[in-house]
Every structure is written in structure tokens, then in C-alpha cells.
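These values consider heavy atoms only, across backbone and side chains, with no hydrogens, waters or symmetry-generated copies.
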Amino acid sequence: MELTIDLEFQKATEAALAETVERMDAADRDWTRGAGVAVVRVGTGEILSLASYPSFDITAYRRDYNNLAADPAKPLINRATMGLYAPGSTLKPATAYAALTSGAISLKGRISDTGTWWYPRTNLYANCWYHAGHGSQNITQAITNSCNYFFAELGYRMGMDTLDEYYKILGLGEHTGIEIGDYAGNRPYNPQGQDQAPWAAFGQSNQRYTPLQLANYIATIVSGGRHCPAHLLKAVKGYGNANLIAQGDTTPMNEVEIAPEYLNAIKTGMKNLAEGGLNRYFQDCVVDAGAKTGTAQLGRGITNNGVFICFAPYDEPEVAIGMVIERGSAGANLASTAVKILNAWFDREPEAVVITGENELLP
């Protein structure tokens with residue numbers, strides 16, 4: 001059996017994630033922080049690496065089970081496939097796709113951010129993180145600037161039913177298809193008598209997704225619409241590698257219609273963020289990339305989760321990453337980790353694979 005996981009890349013991913021979490025733990029002495037990251041191949045759904053922190057020694061699982069089960073850091077939870085988190089602003093590319101495709105805004109359409117978006121005829125509001133407001137913006141600029149005001153207005157225009165329709169098309173709130181199973185999480189919904197769409201549109205409200213879902217959704221968008229099942233199985237071969245018995249299914253679950261000009265607007269917004277606000281991290285990246293940060297609020301007095309998605313290379317995307325670090329404060333704090341993971345993939349040595357038949361000597 002051959003898996004899609006690249007062993008050396010898996011080790012590099014685990015090391016990059018652990019280094020970041022342990023640095024955060026040492027800084028604030030929060031020893032229960034967890035994290036998860038998934039890296040998928042764009043256009044096929046192949047999982048190239050899948051890491052969860054904290055981890056444990058599988059060879060000592062039975063012996064250490066009671067201690068592992070009682071550990072407040074919950075190492076037995078695979079956070080990459082079972083950790084459910086609000087996506088924060090990493091959802092904005094999905095909302096942009098929904099808004100452009102549904103006609104809620106055009107590529108030339110602009111919204112003026114004054115700092116606080118007010119729900120019409122109520123005292124409900126959503127603050128932009130930039131309290132002075134970003135001024136007039138188009139959708140590409142709003143992605144780059146991560147403008148809550150802009151996306152709250154889009155959520156209000158579309159309503160929850162439209163958001164739900166497009167988020168589902170991208171695989172959010174659904175099982176990814178991974179063979180080891182995963183949690184589906186849930187898309188946002190309106191409690192009785194409420195309209196949560198403006199807040200859901202910029203990644204807050206009552207929605208929860210896994211890092212694997214986030215990676216797969218952005219892979220779907222940047223592939224031009226191939227929503228593939230996430231999978232670990234690459235191939236099953238017969239004795240002596242003589243014949244192919246089975247292989248991983250790369251057939252799309254569905255083809256998402258994304259107009260090329262809409263795709264370009266979304267990708268450009270993410271590239272401008274990587275080259276602008278995140279430049280101090282991505283200047284060390286060996287390939288051009290697009291990225292989106294997310295800060296998922298957990299409530300008053302609790303440090304926010306950091307969420308991050310990215311893809312690379314920019315022109316012909318090959319890999320997509322979804323990552324969450326619990327109480328990581330802000331998505332930007334995960335950017336250096338993502339760059340290390342991207343560099344580990346694109347700087348790796350090509351593997352020389354030699355397949356020998358029965359009773360043949362290795363060269």
C-alpha cells in the first residue's frame with residue numbers, strides 16, 4: 001500500500017508546528033495549547049502531510065493510555081481532522097466567491113468602510129479591526145485588508161441561506177472523505193429570530209471547521225473549482241508490485257463554477273497580503289504564494305485562536321495549507337510556520353524510486 005503522505009515532509013511539518021507551539025507555550029506558560037495543520041495537493045485532494053500537536057508515541061499507546069486520556073492538552077485528539085474551530089477571516093475568500101457568484105457585488109463594486117458596520121434599524125454592529133475604517137474598497141482590497149465591515153455588508157446582502165449554499169459547495173461543514181474519518185463541523189445558522197449572516201460572513205458566529213476542511217476549501221477555489229475528496233490512499237499494488245489493485249480517488253465530489261476573473265480577484269487579494277502585510281515572513285518563501293490570516297474570537301478574557309490558510313505557487317497552485325493554533329492570538333503569528341512548511345515541500349530533494357520485481361537485486 002502506498003500513501004499520499006510524504007514521510008520527510010510529514011516530519012518537517014510536525015517539527016515546524018511543534019516549534020511554534022512550544023515557543024508560544026514558553027512565552028505565556030499555557031501548556032494545554034493544541035494545534036493542527038493539513039497540507040493537500042491542489043486539484044487531487046491528496047494529503048501530503050497531516051499534523052496534530054501535542055502528539056504521542058504510538059508504540060507506547062497502550063502502556064500510556066491512562067495518562068494520555070487524562071492529559072489536559074488532549075493529545076489523543078487529531079486536531080487536523082477532529083479539531084473544530086471558528087475560521088475567522090480565513091473564511092473571507094469563500095465569502096468573496098459566494099458574493100461574486102451570487103451577484104451580491106461585482107468586481108467593480110465598492111463598499112466604504114467607516115470603521116463600524118451597523119445592522120439597519122437596530123443597535124447591532126460589527127467593528128472592523130481597523131477602527132478608523134479602510135475607506136472605499138473593492139473585493140480584492142477587502143481580502144488583502146481583511147475588512148470586517150466589507151464582509152459584514154456582503155453577509156447582510158446575501159443572507160444565511162445563500163452563504164450556506166456556497167459554503168457547502170466548497171465542502172465546509174461536510175466530511176472531507178478522508179479514509180480515517182473526520183468531524184464534519186457545522187456551517188453557520190440563524191438561531192430563532194436572529195440574523196447572524198453579517199458576522200458569519202467574516203468567519204465568526206456559530207460555525208466550526210477542521211484545519212483539513214480549510215485546506216481543502218482553499219484548494220478547491222485556487223484549482224479553479226475541483227472539489228476533490230481528501231484522501232490518504234495513493235495506490236494498492238499486488239505482490240511484487242506487478243499490478244495495480246486500487247488507487248486513491250481523485251475524482252471531484254463536485255465541480256465548482258468559478259469565473260476566471262473572480263478567481264483572479266480572490267487570488268490577487270491573497271497574494272497582496274502575502275507580499276504586503278505578511279512580507280516579513282513570506283520574503284523568505286522559496287515560491288510566490290497567497291495567504292489569508294484569521295483571528296477567531298473565543299470570548300472576553302480568552303486569547304483568540306490563530307487560523308491560517310495559504311496556497312503556492314501563485315501562478316499554478318500545487319499545495320494548500322490549513323492551520324489552527326489554539327490561543328495563538330492572531331493568524332499572522334502562524335505565517336512563519338506556514339512558510340517553513342512551504343519551503344520544506346518546494347525545497348525537498350526529488351525522490352528516486354526504484355521498484356524491483358521478485359528475486360531481483362537492488363542496484
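Residue pairs that meet the salt bridge (Lys or Arg N to Asp or Glu O under 4.0 Å) test with at least one member in residues 122-131, sequence neighbours left out, do not exist here. Sorted by first and then second residue, the salt bridge (Lys or Arg N to Asp or Glu O under 4.0 Å) pairs with a member in residues 56-70 form an empty list; sequence neighbours excluded. Applying the salt bridge (Lys or Arg N to Asp or Glu O under 4.0 Å) rule to pairs touching residues 184-208 yields Asp164-Arg187, Glu174-Arg187, sequence neighbours excluded. Applying the salt bridge (Lys or Arg N to Asp or Glu O under 4.0 Å) definition to pairs two or more places apart or across chains, those involving residues 134-162 are Glu153-Arg157.
Ring planes of Tyr61 and Phe56: tilted class, angle from 30 to 60°.
Between Lys11 and Glu14, none of the side-chain N atoms (NZ, or NE/NH1/NH2) sits under 4.0 Å from a carboxylate O, so this pair counts as no salt bridge.
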For a quick test of your reading: what N or O donor-acceptor pairs under 3.5 Å do the side chains of residues 25-42 make, sequence neighbours left out?
residue, atom, partner, partner atom, Å
Asp25, OD1, Arg33, NH1, 2.7
Asp28, OD1, Asp30, N, 3.0
Asp28, OD1, Arg33, NH1, 3.3
Asp28, OD2, Arg33, NH2, 2.5
Asp30, OD1, Thr32, N, 3.2
Asp30, OD1, Thr32, OG1, 3.0
Asp30, OD1, Arg327, NH2, 3.4
Asp30, OD2, Arg327, NE, 2.5
Asp30, OD2, Arg327, NH2, 3.2
Thr32, OG1, Arg327, NH2, 3.2
Arg33, NE, Glu326, O, 2.9
Arg33, NE, Arg327, O, 3.4
Arg33, NH2, Arg327, O, 3.0
Arg41, NE, Glu46, OE1, 2.9

Sequence neighbours excluded and cut-off under 3.5 Å, please list the side-chain donor-acceptor pairs for residues 125-133, or say none.
residue, atom, partner, partner atom, Å
Asn127, OD1, Thr116, OG1, 2.9
Trp129, NE1, Asn145, O, 2.9
Trp129, NE1, Ser146, O, 3.1
His131, ND1, Cys128, O, 3.4

Validation: residues 103-112 side-chain donor-acceptor distances under 3.5 Å, sequence neighbours left out:
residue, atom, partner, partner atom, Å
Ser106, OG, Lys108, N, 3.4
Ser106, OG, Gly109, N, 3.0
Arg110, NE, Ser136, OG, 2.9
Arg110, NH2, Ser136, O, 3.1
Arg110, NH2, Gln141, OE1, 3.0

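Residues passing the side-chain contact (heavy atoms from CB on, under 4.5 Å) test with Ser52, sequence neighbours excluded: Asn78, Arg79. For Pro211, the side-chain contact (heavy atoms from CB on, under 4.5 Å) test picks out Tyr85, Val324, with sequence neighbours left out. Partners of Ala291 under the side-chain contact (heavy atoms from CB on, under 4.5 Å) rule, at least two apart in sequence or in another chain, are Ala274, Leu278, Phe282, Phe308, Cys310. By the side-chain contact (heavy atoms from CB on, under 4.5 Å) test, Ala69 pairs with Tyr65, Leu76, sequence neighbours left out. Residues satisfying the side chain to side chain donor-acceptor pair (under 3.5 Å) test with Glu275, not counting sequence neighbours, are none.
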